[in-house]
Amino acid sequence: MSAITATSSRVVRSFYARPVLTVARDVIGKILVARSAEGVVAGRIVEAEAYRGPEDRAAHSYGGRRTARTEVMFGPPGHAYVFFVYGMHYNFNLVTGSVGEPQAVLIRALEPLVGLELMAARRGLPKEHSDLTNGPGKLCQALGIGRADYGVDLCKGRIFLTEGSRAVVARSRRIGIDYAGAWAKKPWRFFERGNRCVSKVSTRAQLR
DNA sequence: TGAATGATTTACT
DNA sequence: GTAAATCATTCAA
């Protein structure tokens, strides 16, 4: 195993048991690790978004909607909320806050650190490729995250966070939720300023 | 039961 | 810049 995953310890549950905006900001710079039979892959989180339902119209838990899909967000923090969209992509979230508060942080982009070869193989791209994990669907594919990871405990399972390094955090409005009216204008997207692994979006959303 | 749609990505023009 | 791919989830009937 690489030095990064061997020397760092798993982030504890109290990290997740805080308001979703706080976690979304603090998660920038942390390392996301995914172990599997195929090997270990890991990347530094450089972009994330907060979803603060039930008040947040952009959140799947808007209005307190409690279904099979959103159920994990109502449970304890530190678990994975994984969902499937557009008929072909998975997205990975961290459940935050306390029990009964259906909040989550969407991980939108990573800077690849460990297991680039495995990531590239899963993505069907050459190892040197620059688009391995610079998007929420892309990073799930690179980390092998899918339906089986729904609801898993990040304090125990194959997927977890470790301490990373400091990041200069900038913020903008969230991506792909224009249907959410006024909520779409909230600056609840956090990213590391200047990092080239941040997902490619319109220039206007990058600034601020 | 059926219809609409989406926290995206990719390949086009 | 636009559009296609593609299906689980959701809600209405």
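None of these values were measured; they are calculated from a predicted model.
Contact annotation for A/I177: backbone-only contact, meaning every heavy-atom pair under 4.0 Å involves sugar-phosphate atoms and none involves a base. Base contact: A/N93 has a heavy atom under 4.0 Å from a base atom.
A salt bridge links A/E192 with A/R44: the distance from a Lys NZ or Arg NE/NH1/NH2 to an Asp or Glu carboxylate oxygen falls below 4.0 Å.
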Can you give the dot-bracket line for DNA chain C, where a pair is Watson-Crick or G-U wobble with both atom distances under 3.5 Å, crossing pairs use [ ], and | marks a partner on another strand? |||||.||||||.

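Ring geometry for A/F84 versus A/Y90: interplanar angle of 30 to 60°, hence tilted.
A cation-pi geometry, defined here as NZ or CZ lying under 6.0 Å from the six-membered ring centre and within 45° of its normal, does not hold between A/R18 and A/Y16.
For the pair A/W188/A/W183, a side-chain contact is recorded, criterion being any heavy-atom separation below 4.5 Å from C-beta on. Under the 4.5 Å side-chain criterion, counting only non-hydrogen atoms from C-beta, A/I28 is not in contact with A/R193.
Reading DNA chain B from its 5' end, the first and the last nucleotide to sit under 4.0 Å from a heavy atom of chain A are B/dG6 to B/dT10.
A donor-acceptor distance shorter than 3.5 angstrom exists from the side chain of A/H79 to the backbone of A/G151, with no hydrogens or angles considered.
Residue A/E117 places its CD atom among 12 or fewer non-hydrogen atoms of other residues, nucleotides or ligands, all under 6.0 Å distant.
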For nucleotides 1-13 of chain C, 5' to 3', base contacts (B), sugar-phosphate-only contacts (S) and non-contacts (-) with protein non-hydrogen atoms under 4.0 Å give ----BBBSSSS--

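With no hydrogens or angles considered, no side-chain donor-acceptor pair links A/T70 and A/R65 at under 3.5 Å.
The heavy-atom pair separating A/S36 from A/R122 by the smallest distance is OG-NH2, 3.2 Å.
Residue A/D56 forms a salt bridge (Lys or Arg N to Asp or Glu O under 4.0 Å) with just one option from A/R174, A/K185, A/K186, and that option is A/R174.
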